[in-house]
Amino acid sequence: QIGQFTLDNASNNNTLMVHLEKLFSMAGIKFHHDGNRIREALIEYAKAVKSDPIGTTVGIVAVCRKSGQRRAELQQIIFDGNHDNVWPDGPIRPLQLLRQCETRWSSTFNMISRCIELYPAIEFWFGKVAMAAHSHLCFTMTQFQVLHDIHQILEAAHRCQELLSSAKCPTLSWALPAYEKLVTNWTELQTAIPELAHYIGLGIGKIMEYVSKGRRSRIYALAMIVNPKTKFQWMERHWLPWEVAQAEGWMIDAVRCSFTNSAFLF
């Protein structure tokens with residue numbers, strides 16, 4: 001069985017694709033001479049990225065949260081859909097959409113996450129005559145896929161932020177390990193989502209700027225060394241030998257300084 005063809009841009013290949021469409025149609029197989037080209041899929045994805053799915057999500061949230069009446073109506077649609085089992089992926093939790101807030105950690109991720117969860121109800125609602133003026137905010141399949149991909153990228157950063165925002169214990173010792181793990185996750189996503197590899201790379205570059213400065217800072221190294229769970233183990237696995245040796249020197253200096261200051265107290 002043949003699943004793919006590799007063709008160049010010669011005009012006779014366009015004729016071939018049209019003829020293949022006719023043959024597949026006669027066999028009852030769905031096939032489009034342009035739509036089944038990878039090139040067309042990439043172009044469609046690029047258009048979806050350019051259409052700003054995050055901006056569309058902000059617009060959806062603004063419409064759905066405009067008044068108490070609209071918030072209540074969305075809840076009623078969710079309730080009725082759950083009762084009648086109409087949602088394709090099962091019952092939807094009766095939640096409200098979340099707004100994006102620049103001063104709140106992970107607000108964009110949380111906004112997108114909630115929109116994806118409630119979107120079947122939102123799409124159904126926007127399909128009604130009363131909400132026809134807002135139907136242009138509905139995502140195409142490709143736009144929704146892009147939104148899912150963006151959500152997946154932001155999720156890695158969100159988990160890192162949640163770890164470092166813990167209020168139960170100091171988390172400075174986990175900062176560099178968490179950021180370097182984030183870089184690893186994003187590097188893997190560059191392969192999994194090649195269409196967004198460039199944008200992921202920009203994020204990796206910014207994180208690595210911070211990491212490279214952190215490795216030259218004593219405070220990060222000392223915080224990891226005094227943490228019983230990390231000590232030198234993480235450094236020895238992830239840092240270069242000279243960086244580990246430098247951290248050891250910093251620790252010796254800190255201990256020596258501590259004993260010197262203690263001597264003056266007695």
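A quick note: this is a predicted structure, and the numbers were derived from the prediction, not measured.
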Separation between CD (Gln233) and NE2 (His238), nearest 0.5 Å, reads 11.5 Å
Just wondering, are more than 12 heavy atoms of other shown residues or ligands nearer than 6.0 Å to CZ in Arg104?
no
Presence of salt bridge, Lys128 and Glu73, under 4.0 angstrom:
no
Intermediate values then yes/no, side chain to side chain contact (heavy atoms under 4.5 Å, CB included), Asp80 and Asn82:
CA-CA 5 Å; Asp80 292 342; Asn82 289 340; over 6 Å; no
To the nearest 0.5 angstrom, please state how far the OG1 atom of Thr230 sits from the CG atom of Leu176.
10.5 Å
Cationic N near anionic O, under 4.0 Å, Arg159 to Glu155:
yes
Check the hydrophobic clustering (I, L, V, M, F, W, Y; side-chain heavy atoms under 4.5 Å; chains of links allowed) and say if Phe109 and Trp105 are grouped together.
no
With no hydrogens and no angle check, do the side chains of Gln143 and Ser51 hold a donor and an acceptor under 3.5 Å apart?
yes
Phe124 CZ: over 12 foreign heavy atoms closer than 6.0 Å
no
Is it true that atom CH2 of Trp87 has more than 12 heavy atoms of other residues, nucleotides or ligands lying nearer than 6.0 Å?
yes
Decide yes or no on salt bridge (Lys or Arg N to Asp or Glu O under 4.0 Å) for Glu180 and Arg215, but give the supporting numbers first.
CA-CA 11 Å; Glu180 295 195 25; Arg215 286 186 176 187; 3.0 Å; yes
For Ser107 and Gln100, which I'm curious about, is there any donor-acceptor pair between the side chains at under 3.5 Å?
no
NE2 (His136) and OG1 (Thr56) are apart, to the nearest 0.5 Å, by 8.0 Å
Please find the pair of heavy atoms, one from Pro120 and one from Glu117, that lie closest to each other, and give the distance.
CD-O, 3.8 Å
Measure the spacing between CD1 of Ile112 and CG of Leu147 and express it to the nearest 0.5 Å.
5.0 Å
Evaluate the side chain to side chain contact (heavy atoms under 4.5 Å, CB included) criterion for residues Leu196 and Ile193: first the C-alpha distance (whole Å), next the side-chain angles of each, then the deciding distance (0.1 Å), finally the verdict.
CA-CA 6 Å; Leu196 297 178; Ile193 314 173; 4.0 Å; yes
Is it the case that more than 12 heavy atoms not belonging to Asp89 sit under 6.0 Å from its CG atom?
no
